Amino acid sequence: AEEATQETFVRALRALPGLRSPERFRSWLLTIAANTSKELARKRPRTTGLDLDALPFEPADDRGVERRRIAVEAAIGRLGEDERDLFLLHTLEGVPLEDLARDRQVSTGAMKSRVHRIREKVREMAQDHLESQGEIP
């Protein structure tokens with residue numbers, strides 16, 4: 001997170017002369033942060049703040065934990081771009097729902113519902129992935 005923050009501000013400082021709409025500075029900066037985070041995430045093994053314990057089996061060993069991680073990553077990869085961005089920004093980067101809502105010009109309640117639905121979708125897709133791989137009955 002510290003590396004992503006530092007890199008975001010370095011990139012923003014370099015790109016600042018090209019900012020065409022100063023009134024959209026917040027969303028411009030959040031876009032840079034999202035893109036920087038995605039790029040750094042591709043370079044490193046990912047971890048997730050998603051509650052893997054909500055998946056319906058207890059891994060008996062490290063292979064089971066790795067299978068669950070792979071299932072969650074596969075589910076995240078199947079999300080649409082906007083859903084994936086919201087999921088990553090809130091769940092992994094810790095961007096508050098209020099900030100996401102303000103950036104997208106929706107109510108905090110609407111954003112909370114949307115993020116909740118996305119998290120449930122990830123859980124369901126991860127479970128489906130594990131079932132299709134024969135990991136759970």
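Fair warning: this is a prediction, and the values are worked out from it, not measured in the lab. Side-chain atoms are counted along with the backbone in the values below, which use heavy atoms only and exclude waters and symmetry mates.
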Q: Flag the pair H90 / I118 as yes when at least one side-chain heavy-atom distance between them is below 4.5 Å, and no otherwise.
A: no
Q) Would you say the side chain of H129 lies within less than 4.5 Å of the side chain of V72, judging by non-hydrogen atoms? A) no
Q | Rounded distance (nearest 0.5 Å) linking atom CD of Q127 with atom OG of S132 | A | 11.0 Å
Q: Please report the closest heavy-atom contact between F25 and L16, naming both atoms and the distance.
A: CE1-CD1, 4.3 Å
(Q) Salt bridge check, R69 against E66: does any charged N sit closer than 4.0 Å to a carboxylate O? (A) yes
Q: For D103, enumerate each residue passing the side-chain hydrogen bond (donor to acceptor under 3.5 Å, both in side chains) test, keeping only those at least two apart in sequence or located in another chain.
A: none
Q. Taking atom CG of L97 and atom CG of L89, what is their separation to the nearest 0.5 Å?
A. 11.0 Å
**Q.** Shortest non-hydrogen contact between W28 and A12, atoms and distance
**A.** CH2-O, 3.4 Å
Q) Can you list every pair that meets side-chain hydrogen bond (donor to acceptor under 3.5 Å, both in side chains) and has a residue in residues 4-20, with sequence neighbours left out? A) E7-R11, R11-T36, R11-E39
Q | Contacts of type side-chain hydrogen bond (donor to acceptor under 3.5 Å, both in side chains), residue D99, not counting sequence neighbours | A | R26, R102
Q | E124/K121 ion pair, N-O < 4.0 Å | A | no
Q | Side chains of L88 and E93 in contact at under 4.5 Å (non-hydrogen atoms) | A | no
Q: To the nearest 0.5 Å, tell me how far R123 CZ sits from D128 CG.
A: 14.0 Å
Q: Would you indicate whether Q105, at its atom CD, is surrounded by more than 12 heavy atoms from other residues, nucleotides or ligands within a distance under 6.0 Å?
A: no
Distance-only donor-acceptor hits, side chain of residues 108-115, under 3.5 Å, sequence neighbours excluded:
residue : atom : partner : partner atom : Å
S113    : OG   : G109    : O            : 3.2
R114    : NH1  : D82     : OD2          : 2.9
R114    : NH2  : D82     : OD2          : 2.6

Q: Evaluate the side-chain proximity of F9 to I32: yes if any heavy-atom separation is below 4.5 Å, no if none is.
A: no
Q: Provide the full list of ring pair (Phe, Tyr, Trp, His ring centres under 6.0 Å) pairs with a residue in residues 96-121, sequence neighbours left out, each pair given once.
A: none
(Q) Please tell me whether L100 and L30 are part of a single hydrophobic cluster in this structure, the criterion being side-chain heavy atoms less than 4.5 Å apart. (A) no
Q) Which atom names give the shortest non-hydrogen contact between A75 and M125, and what distance separates them? A) O-CE, 3.1 Å
Q) Is L92 linked to V95 within one hydrophobic cluster, defined over Ile, Leu, Val, Met, Phe, Trp and Tyr using a side-chain heavy-atom separation of less than 4.5 Å? A) yes
Q) How long is the span from the NZ atom in K38 to the CZ atom in R84, to the nearest 0.5 Å? A) 7.0 Å
Q | Minimum heavy-atom distance P17-L13, with the two atoms named | A | CD-O, 3.9 Å
Q) Tell me the ring pair (Phe, Tyr, Trp, His ring centres under 6.0 Å) pairs involving residues 92-111, sequence neighbours left out? A) none
